[in-house]
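One structure below.
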Amino acid sequence: MGGGRVVLVLSEEVREARGAGRPVVALESTIIAHGLPRPRNLQVALELEDVVRREGAVPATIAVLDGQPHVGLDKSQLDRVANEDGIRKLGHRDLPLAMAAGASGATTVSATARLAALAGIRVFATGGLGGVHRQWTATQDESADLGLLARTRITVVCAGVKSILDVPATLQRLETLGVAVAGYRTERFPGFYLSDSGHPVDWTLRDPEQVAEVMRAQDTLGGPESALIVANPVPPEQQLDPELHARVLAEALRACEEEGITGQAVTPFLLAHLVRHTEGASLRANLAAVRGNVELAARIATAWAMR
């Protein structure tokens, strides 16, 4: 698939679904390569694709292999992303560099959203978005996810933003960038591991058909090609205990400062600290959130395909 800018390799399953107007859900690959330990990572990748299929949609896990962007991976390609050493972590800014260098990499939210949009896929499921980091006034550290979503027409189903970030600052930044945010069956913005980040949302959507109506309205209005964020909370019974989360996160932030961790190393350091010091409970909450997001995304994609 071309367009004069980039050639995408669509899997046969994705290509057939796109041609027939069937629902497709984009999935990121960073969670496979960098977010989970082996061999759990491959098991989860296959499980998430199965969730999409059970809901009647087609999964399109996205990655770059040997410089070639792939939209939809077969079993051997998923295995490669999960187990090959040296798989890079690619944001959207890294895509041309990886392509020119013939590199292989797993795609973050921004790179996945970019490639999905190029492939004509409107719905994307992930865990938590990146956002504005704590101590932004000193570091100016903000995820590339936000700027990319401000100029990409895609619907992202997520469990809010990662709770290690500055949530109110991220919500303010999304407002400034003109990115629509709605809670799914909630009036509270979810907090990734937590059902409630402590902050409200202005809009609540109640079912996949209503989400599809918003997507249609975006297209009718035209204007900036910005995203729709559907913030879907992890069920309260599957969330990380809020008191445990607060205590361990505070410890992780102190450890990060004491060890001089900065830049791109901060997020993986904090997330790994949470996994260790909650004895895996944060990982279980993360996976529960991702499963719920993938299931909802498939239902939204189905409603969108019926337009």
Side-chain angles (χ1 to χ4, degrees), residues 23-28 31 48 51-52 55-57 59-60 108-110 112-114 116-117 121-131 143 145-146 148-163 165 167 170-171 173-175 177-197 199-221 224-236 238-239 286 288-307:
V24 180
V25 175
L27 302 172
E28 62 155 288
I31 189 173
L48 296 178
V51 169
V52 174
E55 294 295 328
T108 64
V109 167
S110 70
T112 304
R114 174 66 177 149
I121 298 171
R122 188 65 177 266
V123 181
F124 165 32
T126 187
L129 296 181
S143 170
D145 294 353
L146 304 185
L148 190 281
L149 293 176
R151 53 185 187 273
T152 304
R153 182 57 54 79
I154 196 162
T155 295
V156 184
V157 182
C158 63
V161 300
K162 294 180 177 66
S163 57
L165 303 173
V167 176
T170 301
L171 287 169
R173 187 74 178 124
L174 287 167
E175 180 182 341
L177 291 169
V179 178
V181 177
Y184 188 75
R185 298 179 179 173
T186 180
E187 297 178 353
R188 310 293 295 175
F189 190 68
F192 191 44
Y193 301 122
L194 306 177
S195 301
D196 182 354
S197 69
H199 302 278
V201 289
D202 293 328
W203 296 94
T204 301
L205 300 174
R206 297 295 175 186
D207 54 51
E209 291 73 24
Q210 192 175 26
V211 178
E213 284 293 333
V214 176
M215 295 161 65
R216 282 189 280 272
Q218 284 182 311
D219 291 350
T220 299
L221 288 167
E225 291 287 305
S226 56
L228 168 63
I229 294 174
V230 179
N232 182 40
V234 63
Q238 294 179 306
Q239 71 174 337
N286 181 0
V290 173
R291 290 187 195 98
N293 295 341
V294 168
E295 183 178 86
L296 176 57
R299 294 175 181 173
I300 292 169
T302 298
W304 174 247
M306 295 173 66
R307 68 194 187 281

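W203 places none of its side-chain heavy atoms less than 4.5 Å from the side chain of V181. Annotation: side chain of E175 is not in contact with side chain of L171 (no heavy-atom distance under 4.5 Å). A 4.5 Å side-chain heavy-atom check between L48 and R291 finds at least one atom pair inside the cut-off. Looking at L149 and I154, their side chains come closer than 4.5 Å, going by heavy atoms from C-beta outward. Side-chain contact between L129 and T170 is absent, with no heavy atoms from C-beta onward closer than 4.5 Å. For the pair L146/L174, a side-chain contact is recorded, criterion being any heavy-atom separation below 4.5 Å from C-beta on. Inter-residue side-chain proximity for E55 and T302 is flagged as unmet; no heavy-atom pair is nearer than 4.5 Å.
No donor-acceptor pair closer than 3.5 Å links the side chain of E28 to the backbone N or O of T126. Between the N232 side chain and the Y184 main chain, no donor and acceptor come within less than 3.5 Å of each other. Looking at R153, its side chain never comes within 3.5 Å of a backbone N or O of A227 through a donor-acceptor pair. A donor-acceptor distance shorter than 3.5 angstrom exists from the side chain of S195 to the backbone of V234, with no hydrogens or angles considered.
What you find for T112 and A26 is that their closest heavy atoms are CG2-CB, 4.5 Å. Of all heavy-atom pairs between L296 and P208, the closest is CD1-CG, 4.3 Å. Residues P59 and V52 come closest through the heavy atom pair N-CG1, 3.5 Å. A pairwise comparison of heavy atoms in M215 and I300 identifies SD-CG2, 4.0 Å as the closest pair. Considering every non-hydrogen atom in both G130 and D145, the closest pair reads N-OD2, 2.8 Å. Heavy atoms only, all atoms of each residue included: A113 and T152 are closest at O-CG2, 3.9 Å.
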Working for side-chain contact (heavy atoms from CB on, under 4.5 Å), residues V109 and L148: CA-CA 9 Å; V109 167; L148 190 281; over 6 Å; no
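With a 6.0 Å radius and a threshold of 12 heavy atoms from other residues, nucleotides or ligands, D207 has its CG atom above the threshold.
A salt bridge links R299 and E295; the closest N-O separation between the charged side-chain nitrogens and carboxylate oxygens is under 4.0 Å.
Between the side chains of R122 and Q218, at least one donor N or O sits under 3.5 Å from an acceptor N or O.
Distance CZ/F124 to CG/N293: 10.5 Å, rounded to 0.5 Å. With rounding to the nearest 0.5 Å, the separation of CZ in F192 from CG in N286 is 4.0 Å.
In this structure, the side chain to side chain contact (heavy atoms under 4.5 Å, CB included) partners of A125, at least two apart in sequence or on a different chain, are V25, L27, V294, A297.
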Expected list for residues 155-163: side-chain donor-acceptor pairs under 3.5 angstrom, two or more places apart:
from, atom 1, to, atom 2, distance (Å)
K162, NZ, G128, O, 2.9
S163, OG, H245, NE2, 2.7

